[in-house]
Peer 1: 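Mind looking over this structure? Questions follow.
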2 protein chains.
Amino acid sequence: MGKSKFVSIYNDLSEKIHKQRIESGSLLPTENELSAQYRASRETIRKALAMLSRNGYIQKIQGKGSIVLDVSRQTFPISGLTSFRELASHSKDHWKTEVHQLVLLKPDNHLKMLMNLQNDQTVWNVIRSRSVNGEAVILDRDYLIQSIVPMLTADICERSLYDYIENDLGLKIGFAKKEITVERATDEDNRYLTMHEDSHVVVVRSLVYLESAELFQYTESRHRADKFRFVDFARRGHQ
Amino acid sequence: MGKSKFVSIYNDLSEKIHKQRIESGSLLPTENELSAQYRASRETIRKALAMLSRNGYIQKIQGKGSIVLDVSRQTFPISGLTSFRELASHSKDHWKTEVHQLVLLKPDNHLKMLMNLQNDQTVWNVIRSRSVNGEAVILDRDYLIQSIVPMLTADICERSLYDYIENDLGLKIGFAKKEITVERATDEDNRYLTMHEDSHVVVVRSLVYLESAELFQYTESRHRADKFRFVDFARRGHQ
DNA sequence: AAGTGGTCTAGACCACAGG
DNA sequence: CTGTGGTCTAGACCACTTC
């Protein structure tokens, strides 16, 4: 069970910062102090601090210390790879998922090329809408390779695809490449989404890979433009 | 001047991957081999590999090795904090910056609150448009705290603000918090941008901080929606 | 069983901030 | 000058993949 030590230290410190048990603007204890507190070597402490820094919790300043940043206004999660289910559970609003389609497909040429598929491979096609307060604002179209995800049911898709894939199938999701653009709403958008006078959607296209570096999913997530908001934390340089 | 050793190793390996001198899909040499090749300890090699992994160059698999990912289609840079100048220099297109306004302001209440300004602080307000092939597609509105950036000229703004701030003023940019939304074009957008039938803009609002964790800039970057594209690489989990 | 990456350690030296 | 974070090292043990 136990994660690594530096992850535990990261979790402990990030929780303290979130709950304001450590004030923003103040300095964290020094690395040597933390090293003593957590009974860990300094390099282990530094791994935890590096993770805090990457995720916008602290700013390290050489010769001075680690300043705690104001993390209170940052909508959870800042960026990264998170399922809709995980997102919704952090929100106060009432979200609902509706499954409109769940079929096995022989991929067309475009999808074949995009996902680098062999001739005999079939894919699951799932179409779902996400509603908040009765308004459908997100339309998700997923394509999953059947040789990796053999069986799917409407129930799984309504609940959480990622939860099923990770916990029931035991697959581990590694990374994704995403692209965000703005496009005019299609007939399909108008059919499944509650469109207002606004005729635009934000389209997030993702190729999702397992930890084995194997591609297993392509997703097109279409958001009603007026409901779309993306929050990011970025550091200068390539670290 | 030399950077740290692990950054050199990172630069060397990432360049080799970019130039396809290491084939995508193949395995990197093992950490022990790299350790010998670069005459570095294994932990140092691992810092370089962790950076490659974060930036989407490789996927590490325990017990197996580090797989080189296909990085060829990823528009430079994937995400992060990069100035327009740096972006444009990586592109084949012909970009041009035009400065429309450069004034010192007493901030209004909204800006005061947003930037956490004292009563007597003044800010530079810069309005610039970015054109590609004769079409103005980006409108940037910057607000910079004058106590940090004492003097600005149209020439500097036309060239590169970040270049001036980092190289001439010697300030170091640390991180930024960003928010992306889609909005209807304003009169100002219509005045400065070459708007087509499409009446929407993607608005990227950023608060930019120095390495000292001091806020020094607020920017509103307004992109013609049909020209906006954001590419991202995301890993699962908080590492 | 052998080889891979994942973690942790104790110690060393350097670069920078502040008194 | 002291104390801070930044880097590097050599060695140890563990977890996982592969044969």
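All chains are named by letter (A, B, ...) in the order of the sequence lines, taking the proteins before the strands, and each is independently numbered beginning at 1.
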Peer 1: Tell me the interatomic distance from A:E31, atom CD, to C:dC14, atom C1', rounded to whole angstroms.
Peer 2: 14 Å
Peer 1: Find out whether A:L49 and A:L28 are in side-chain contact, i.e. whether some heavy atom of one side chain is under 4.5 Å from a heavy atom of the other.
Peer 2: yes
Peer 1: Could you list by number each residue of residues 60-68 of chain A showing a heavy-atom separation from DNA chain D of less than 4.0 Å, or answer none if no residue does?
Peer 2: A:K60, A:I61, A:Q62, A:G63, A:K64, A:G65
Peer 1: Roughly, in whole Å, what's the span from CZ in B:R42 to P in C:dG3?
Peer 2: 14 Å
Peer 1: Chain A on DNA chain D: first and last contacting nucleotide, 5' to 3', under 4.0 Å to a heavy atom?
Peer 2: D:dG3 to D:dC8
Peer 1: Rounded to whole angstroms, how far apart are CD on B:E33 and C1' on C:dG3?
Peer 2: 11 Å
Peer 1: In whole angstrom, give the distance that lies between atom CZ of B:R46 and atom C1' of C:dT4.
Peer 2: 11 Å
Peer 1: Taking all non-hydrogen atoms of both residues into account, name the closest pair between B:P107 and B:K112 and its distance.
Peer 2: O-CE, 3.8 Å
Peer 1: Find which nucleotide of DNA chain C each of B:T30 and A:K47 is nearest to by heavy atoms, and output the residue with the more 5' nucleotide.
Peer 2: B:T30
Peer 1: So, B:D12 and B:K16, do they make that salt bridge, N to O below 4.0 Å?
Peer 2: yes
Peer 1: Parallel, tilted or perpendicular: which fits the ring planes of A:F216 and A:Y162, with parallel below 30° and perpendicular above 60°?
Peer 2: tilted
Peer 1: What I'd like to find out is whether the side chain of B:K178 reaches to under 4.5 Å of the side chain of A:F230, using heavy atoms alone.
Peer 2: no
Peer 1: Roughly, in whole Å, what's the span from CD in B:Q59 to C1' in C:dT4?
Peer 2: 15 Å
Peer 1: Using 30° and 60° as the class limits, which term best fits the ring planes of B:F228 and B:H223: parallel, tilted or perpendicular?
Peer 2: perpendicular
Peer 1: With no hydrogens and no angle check, just 3.5 Å: does a side-chain donor-acceptor pair link A:T219 and A:Q217?
Peer 2: yes
Peer 1: Do the side chain of B:R235 and the main chain of B:S53 share a donor and acceptor less than 3.5 angstrom apart?
Peer 2: yes
